[in-house]
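Take a look at the structure below.
Note on naming: letters A, B, ... go to the chains in the order of the sequence lines (proteins, then strands), and numbering restarts at 1 for each one. Note that this is a predicted model, so its numbers are computed, not measured.
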Protein chains: 2
Amino acid sequence: MTATPAKDALLTIREMCDAYDVTPRTLRFYEAKELLFPLRRGTARFFTYRDRARLKLILRGKRFGFSLEDIRQLLEMYDRDPGQQEAQLARTIELAQDRLAQMERQRAELDEAIAELKEQMDWGASALATLRRPAG
Amino acid sequence: MTATPAKDALLTIREMCDAYDVTPRTLRFYEAKELLFPLRRGTARFFTYRDRARLKLILRGKRFGFSLEDIRQLLEMYDRDPGQQEAQLARTIELAQDRLAQMERQRAELDEAIAELKEQMDWGASALATLRRPAG
DNA sequence: CGTCATGTTTACCTTAACGTAAAGCAACGC
DNA sequence: GCGTTGCTTTACGTTAAGGTAAACATGACG
């Protein structure tokens, strides 16, 4: 059982990587980009509950196709002034709507391309059949 | 009427750009990558019927999400040994099938992401409604 | 001859999200 | 004291498909 770590647990970089299936480079990169803020005991990193929560949001955001910079801004908004919940939530929903629209446009284009490609393939396939059955 | 140029017409780079909605940089780039082979009278370029046909295929390939390198290989195949039609067509269809499979996977992922995002948005929207109607 | 409009070459710049390599520290066991 | 792990920093590399800038050429026109 890969039990969820206790809330107050501090994870090393490796534990973090194993838990969320990312590389150390990725975690350091996210820290450099100010998406994560692990404790630094000396030079070593320890990832807190907060980092874990943020990482989950980051990964979800990436699945939605948000850039790391977009994600950073949202996270920053949420923990800079915790008391503007409404405005922040509204802003988040707005961004999500834009993104959703983008994704739907993209899907439409993909569908078109798929349809066109299929058509081309039928074309080619029948030409191929003709070539294989000469003088049909 | 932007009439299709005669088969033996030679187009300047600008005419070519206007006809296919690409930039000069793009055409020079494609030439450098050996996708196009305009005549070179001195230093000037003149695009032939063959270049126009190739460019159409290039643009179509791009719509399908093929890389320029993939496209180059297909074009090269077709005009290196014009007599292996069957094998070439078969190869092309094979590549197209791979690409189609990729696109369909991608579409599935996109659909998933869209669904998940919508779900999140409902979530957020109801939270937002609650925030706006305090102590509901 | 001057000067526009087009063309040309060369070559560095852009972007995102990490990968990868080099070199060094820190704690542990022995 | 030393070797082995595991971690760290620093910093350059990767990728595609062009964009952009500088400096130069060429031909037509007046």
Side-chain angles (χ1 to χ4, degrees), chain A residues 9-48 51 54-75 95 99 102-103 106 109 113, chain B residues 9-48 51 54-75 95 99 102-103 106 109 113:
Chain A
L10 296 179
L11 303 194
T12 66
I13 200 167
R14 181 107 306 277
E15 290 165 338
M16 198 71 174
C17 290
D18 293 345
Y20 297 94
D21 195 32
V22 294
T23 69
R25 178 62 172 106
T26 296
L27 294 179
R28 295 192 190 108
F29 183 73
Y30 289 171
E31 183 185 3
K33 292 283 176 182
E34 309 196 76
L35 287 143
L36 297 178
F37 306 92
L39 294 180
R40 302 302 295 271
R41 279 232 252 283
T43 151
R45 291 172 172 81
F46 294 95
F47 294 85
T48 67
D51 292 311
R54 292 174 74 99
L55 183 54
K56 280 184 217 168
L57 289 174
I58 293 167
L59 297 177
R60 173 173 298 171
K62 287 199 59 185
R63 282 204 305 283
F64 295 160
F66 286 104
S67 70
L68 291 182
E69 176 56 18
D70 289 342
I71 297 170
R72 189 191 63 74
Q73 289 182 30
L74 286 176
L75 290 174
L95 280 185
R99 182 65 195 137
Q102 258 184 51
M103 290 173 81
Q106 192 183 334
E109 282 171 31
Chain B
L10 296 180
L11 303 193
T12 67
I13 200 167
R14 180 109 305 277
E15 290 165 339
M16 198 71 173
C17 290
D18 293 345
Y20 297 95
D21 195 32
V22 294
T23 69
R25 178 63 171 104
T26 296
L27 294 178
R28 296 191 189 110
F29 184 72
Y30 289 173
E31 182 185 4
K33 291 284 177 182
E34 308 197 75
L35 287 144
L36 296 178
F37 306 93
L39 293 180
R40 301 303 295 269
R41 280 232 253 283
T43 151
R45 292 173 172 80
F46 294 95
F47 294 86
T48 67
D51 291 312
R54 293 173 74 99
L55 183 54
K56 281 184 217 169
L57 289 174
I58 293 168
L59 297 177
R60 172 174 298 171
K62 288 199 60 185
R63 281 203 307 282
F64 294 159
F66 285 104
S67 70
L68 291 182
E69 176 56 18
D70 289 341
I71 297 171
R72 190 190 63 74
Q73 288 182 29
L74 287 176
L75 289 174
L95 280 187
R99 182 65 195 137
Q102 255 184 54
M103 290 173 82
Q106 191 183 333
E109 282 171 32

How is [X] classified with respect to the nucleic acid when contacts are heavy atoms under 4.0 Å: base, sugar-phosphate, or nothing?
{"X": "R28(A)", "answer": "base"}
{"X": "F46(A)", "answer": "nothing"}
{"X": "R14(B)", "answer": "sugar-phosphate"}
{"X": "R41(A)", "answer": "nothing"}

The side chain of R45(B) is closest to which nucleotide in this list: dG19(C), dT9(C), dG7(C)? dT9(C)
Nearest 0.5 Å, what's the [atom1]-[atom2] distance between [X] and [Y]?
{"X": "F47(B)", "Y": "L10(B)", "atom1": "CZ", "atom2": "CG", "answer": "11.0 Å"}
{"X": "Q102(A)", "Y": "F64(A)", "atom1": "CD", "atom2": "CZ", "answer": "14.0 Å"}
{"X": "L74(B)", "Y": "L35(B)", "atom1": "CG", "atom2": "CG", "answer": "10.5 Å"}
{"X": "I13(A)", "Y": "L27(A)", "atom1": "CD1", "atom2": "CG", "answer": "5.0 Å"}
{"X": "Y30(B)", "Y": "L36(B)", "atom1": "OH", "atom2": "CG", "answer": "8.5 Å"}

Hey, what bend do you get for the helix from dC1(C)-dG30(D) to dC30(C)-dG1(D) if you fit axes on five pairs at each end, rounded to 10°? 30°
List the residues meeting side-chain contact (heavy atoms from CB on, under 4.5 Å) with L59(B), not counting sequence neighbours, and say none if there are none. Y20(B), V22(B), L55(B)
F37(A): which residues meet the side-chain contact (heavy atoms from CB on, under 4.5 Å) condition with it, sequence neighbours left out? E34(A), R50(A), D51(A), R54(A)
Only counting residues at least two apart or in another chain, list the ones meeting side-chain hydrogen bond (donor to acceptor under 3.5 Å, both in side chains) with [X].
{"X": "R60(B)", "value": "Q120(A)"}
{"X": "R63(B)", "value": "E116(A)"}
{"X": "E109(A)", "value": "none"}

Protein-nucleotide distance ([X], atom [atom1]; [N], atom [atom2]), rounded to Å:
{"X": "L27(B)", "N": "dT6(C)", "atom1": "CG", "atom2": "P", "result": "17 Å"}
{"X": "R25(A)", "N": "dA16(C)", "atom1": "CZ", "atom2": "P", "result": "15 Å"}
{"X": "E31(A)", "N": "dA17(C)", "atom1": "CD", "atom2": "C1'", "result": "16 Å"}

Got a sec, which pairs hit side-chain hydrogen bond (donor to acceptor under 3.5 Å, both in side chains) with one end in residues 64-75 of chain B, sequence neighbours left out? S67(B)-D70(B), E69(B)-R72(B), E69(B)-Q73(B)
Residues in contact with DNA chain C, drawn from residues 62-73 of chain A - heavy-atom cutoff 4.0 Å: K62(A), S67(A), L68(A)
Hey, are the side chains of I71(B) and L57(B) touching, using non-hydrogen atoms and a 4.5 Å cut-off? no
Footprint ends on DNA chain D, 5' to 3', for atoms under 4.0 angstrom from a heavy atom of chain A, come out as dC7(D) to dA11(D)
Going 5' to 3' through nucleotides 21-29 of chain C, assign each nucleotide B (protein heavy atom under 4.0 Å from a base atom), S (under 4.0 Å only from sugar-phosphate atoms) or - (no protein heavy atom that close). ---------
Position toward the 5' end of DNA chain D (nearest nucleotide), T26(B) or A44(A): A44(A)
With sequence neighbours excluded, what pairs up with R14(A) under the salt bridge (charged side-chain N to carboxylate O under 4.0 Å, His left out) test? D18(A)
With sequence neighbours excluded, tell me which residues meet salt bridge (charged side-chain N to carboxylate O under 4.0 Å, His left out) with R40(A). E31(A)
Nearest-nucleotide 5' precedence on DNA chain C, R40(B) against Y30(A): R40(B)
